Protein chains: 4
Amino acid sequence: MRVQEVGPAIFRRMAAIPRLTPRKEPRQDRSRALVADLLEGTRRVLVSKGYDDTVMAEIAEVTGVSVGSVYQYFPSKESLLTALHVSLLEGDVTHLADNLMEHRDTDLEGLAAVVAAVALESFHAHRDVLHALEDAAHAMGSERKLAPVRAQGVQLLTGFLESHVGYRGEEPELTAHVVQRLMSSMPRVLTECGEAELAHSRLTALVHTALLD
Amino acid sequence: MRVQEVGPAIFRRMAAIPRLTPRKEPRQDRSRALVADLLEGTRRVLVSKGYDDTVMAEIAEVTGVSVGSVYQYFPSKESLLTALHVSLLEGDVTHLADNLMEHRDTDLEGLAAVVAAVALESFHAHRDVLHALEDAAHAMGSERKLAPVRAQGVQLLTGFLESHVGYRGEEPELTAHVVQRLMSSMPRVLTECGEAELAHSRLTALVHTALLD
Amino acid sequence: MRVQEVGPAIFRRMAAIPRLTPRKEPRQDRSRALVADLLEGTRRVLVSKGYDDTVMAEIAEVTGVSVGSVYQYFPSKESLLTALHVSLLEGDVTHLADNLMEHRDTDLEGLAAVVAAVALESFHAHRDVLHALEDAAHAMGSERKLAPVRAQGVQLLTGFLESHVGYRGEEPELTAHVVQRLMSSMPRVLTECGEAELAHSRLTALVHTALLD
Amino acid sequence: MRVQEVGPAIFRRMAAIPRLTPRKEPRQDRSRALVADLLEGTRRVLVSKGYDDTVMAEIAEVTGVSVGSVYQYFPSKESLLTALHVSLLEGDVTHLADNLMEHRDTDLEGLAAVVAAVALESFHAHRDVLHALEDAAHAMGSERKLAPVRAQGVQLLTGFLESHVGYRGEEPELTAHVVQRLMSSMPRVLTECGEAELAHSRLTALVHTALLD
DNA sequence: GATGAATGAGTGTTCATTCAT
DNA sequence: GATGAATGAACACTCATTCAT
């Protein structure tokens, strides 16, 4: 699956968040495309080599440009990796937002099912990259850049819960955090050790439990 | 908290699993101590510097030995990092085993509470190291070495569930995996975003849900 | 102070010397101006950043043109730097020539005073650039291009001395070299460590001594 | 001529000055030798390639060690270049000091002759290196490290003049600066354009003039 | 056994120069 | 003619690993 185009739908729906600032604002189509190609190239290298062996030269090579060009768009390796990470997380948040909107009238249990489904989809879309990217993020201490996107996801959920008729909890934000965490960490075990059906039902149960608090 | 002595109690209780093979079997006390010191030194460096900046020379220095000596006991950086990782995981498994034994007659809900407590304790004991070590593990692709220890934890839980009167599930192994995952990934969010009390009750709820399947 | 227009007055007075050959003979006014702008831009960058950090891209930027355009007029970084250097030295030689002409009838001591004054003026006009340019010249081994201009200055002085009634020396060329060197190297110390008055009188004394041999 | 051993005689005579701090104090003979070899290797590369093309890898190669070893003794390229520079300047200052001591009772003119001789000797000993090193120094902005050594030379001369019976000037420090400058900048022209005899007599004349003020 | 100096392949990054538009 | 995106060789510096002492 291709890395999503930069500048996702969610922007129209939520307050702006601080963006990664690539060296040069990709205004022309050419640039836009190259930035996207670069993210995609990065993804491929990351998946095939793992964080430690992800090397700028190879990213350039698989993307079909020169190292110099990479640095024209991203001032550092870190910024490139982080941009990819942000892009993926944003995609996931958008995906979640879309689905929540669509099921805004479902009861808590239905909601849990939706959330579980979204989580499993996101997981399948990114299985390997995100793993590698998380290493990268810690290793480079670039969490700071990711925090906003994560926070955005939490806000989304928090807001949703607060306005949801079925939700009776007193700490919607904590709940949002917990749900986010369930979404990001359970899919792997569930799909690696069980069938798809099972995975969904079990994850749903966990999310439901979380929503009840 | 100090890294535990190598060769934990759980060995006496469960089948042996393939060990990391340090270059030299530490038979003499001197060696045993040095290996332990090295793991402790590694832990400190890892915590203070993060994976990317963890350097053999510094590990040697804080441990008070020469680089050469490090390589006498661990054939590579990876093996050293992995040994520490294994050691910590083993400690956690042991801890879990001890507690399960002690509460072998509790009902499922009580069990969930115990499991949650153990998870939170383990988390507090290792907060920072494990984070860094997980990066390291991915970055170096050394999951292979860790799998056995993780499997051991799963086996422990699986066996326990199978013989537990309250457990009605049909897939004890999947459940064990899920519980293990809950134990390792939920404590961080829960303690960072809520108070200790809350963290325990919420984690208990999740584990309980997992055990019901 | 602005870099002087290319093609100084001295040309009318002395035999032509081999010139730097910019890729394109600047015939149209537009080009002439651009070349001058480029030299001025180079000067500014050189002064503010120093040789090592003087980068073609920045020169282009501060001049308000594209890198490509720079290369239209100067085939290489070296040629640009050298052109500036030559331009400054030519300016100095012209300045000296003008002043010598004007005081062609002064005695040796008066002459020394004139020379000292010219040297101090030149120094004040170029303090920082010339320093940086000299680094550049060595670092790039482009002395060859500068030699002619320097030689021109020496010739000027030599000729002047030969026809001067007060000069009794036997090696006018060596004297010319020495004087040139005094002019280029003494002002800095003299002005940095003493007052203007003092600087002039001391430099005059040295030049006078040189002229006596 | 070989680069001088580190730790010159002048230390015994003058107050300590801030030294370059190589990463590791060369205590053992092996280290001492290597540091010296490195300086010598640097000198050779610098002379044969010029500043811009002086590359760590080549310095290592001609010295017969690995790049890593270079960095064991000098934390950066700059520090290496500066160490060489300081070493040479110190040598020159020492040389001057020795000669002044020896001729402490000579009259001003004799003194000028001694100073001129020392300057010419130093020049012959270092002709090419120092040129390259001066570029380097500017380009890297490491004048700060050199200032002390230069200051030391000035102090030496200043003190000498103040206690010299023949000296009648009122600004011994300015004079010292001027003399130092004459020593460093005149030899090149004088020897390139005239014979040795002549060079010495002319330089003597200039220095004498300087001493009279 | 222990040491730590030596190694050198490997990395991120820069920048003079070119050339398609 | 002008532009500035693209190129890629080159470089300083790091660090896991070895091995002579």
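Letters go in sequence order (proteins before strands), and every chain restarts at 1. In this text the structure is predicted, and so the values were computed from the model without any measurement.
- In this structure, OH of A:Y51 is placed 11 Å from C1' of E:dT11, rounded to the nearest angstrom.
- The rotation axes computed at either terminus of the helix from E:dA2-F:dT21 to E:dT21-F:dA2 lie 0° apart, taking five pairs at each end and rounding to 10 degrees.
- In the model, B:Y73 has no side-chain atom that pairs as donor or acceptor with a side-chain atom of B:D37 under 3.5 Å.
- Take the nearest nucleotide of DNA chain F for B:G68 and for D:G68: the residue whose nucleotide is more 5' is D:G68.
- Between A:S69 and F:dA5 there is no side-chain N or O to OP1 or OP2 distance below 4.0 Å.
- Nucleotide E:dC15 holds its C1' atom 12 Å from the CG atom of D:D52, rounded to whole Å.
- Between A:S66 and F:dA6 there is no side-chain N or O to OP1 or OP2 distance below 4.0 Å.
- Between the OH atom of C:Y51 and the CG atom of C:L81 there is a distance of 7.0 Å, given to the nearest 0.5 Å.
- The D:Y71 side chain lies nearest to F:dC13 when the options are F:dT3, E:dT17, F:dC13.
- Here the closest heavy-atom approach between residue A:S66 and residue A:A60 is recorded as C-CB, 3.8 Å.
- Between D:V67 and A:V67, the residue anchored nearer the 5' end of DNA chain E, judged by the nucleotide with its closest heavy atom, is D:V67.
- For the contact set between residues 55-63 of chain B and DNA chain F, defined by any heavy atom under 4.0 Å, the members are B:V55, B:M56.
- Distance alone, capped at 3.5 Å, places no donor-acceptor pair between the D:K145 side chain and the D:S79 backbone.
- Take D:E143 and apply the side chain to side chain contact (heavy atoms under 4.5 Å, CB included) test, not counting sequence neighbours, and it matches D:A137, D:H138, D:L146, D:R150.
- In this structure, the CG atom of D:D37 is 11 Å from the P atom of E:dA6, given to the nearest Å.
- The interatomic distance linking C:D53 (CG) with E:dA16 (P) rounds to 10 Å, in whole Å.
- At distances below 3.5 Å, not a single donor-acceptor pair connects side-chain atoms of B:S87 with backbone N or O atoms of B:A83.
- Rounding to the nearest 0.5 angstrom, the gap separating the OG1 atom in D:T63 from the CD atom in D:E61 is 9.5 Å.
- Nucleotide F:dA16 holds its C1' atom 17 Å from the CD atom of B:Q72, rounded to whole Å.
- Annotation: the span from B:M56 atom CE to B:I59 atom CD1 amounts to 5.5 Å, rounded to 0.5 Å.
- Between B:K49 atom NZ and F:dT14 atom C1' the separation is 14 Å, expressed in whole Å.
- What separates OH of D:Y73 from C1' of F:dC13 is a distance of 18 Å, to the nearest Å.
- Once rounded to the nearest 0.5 Å, the distance linking CE of D:M140 with CG of D:D135 reads 10.0 Å.
- One interatomic measurement links the two molecules: NZ of B:K77 to P of F:dT17, which rounds to 8 Å at whole-angstrom precision.
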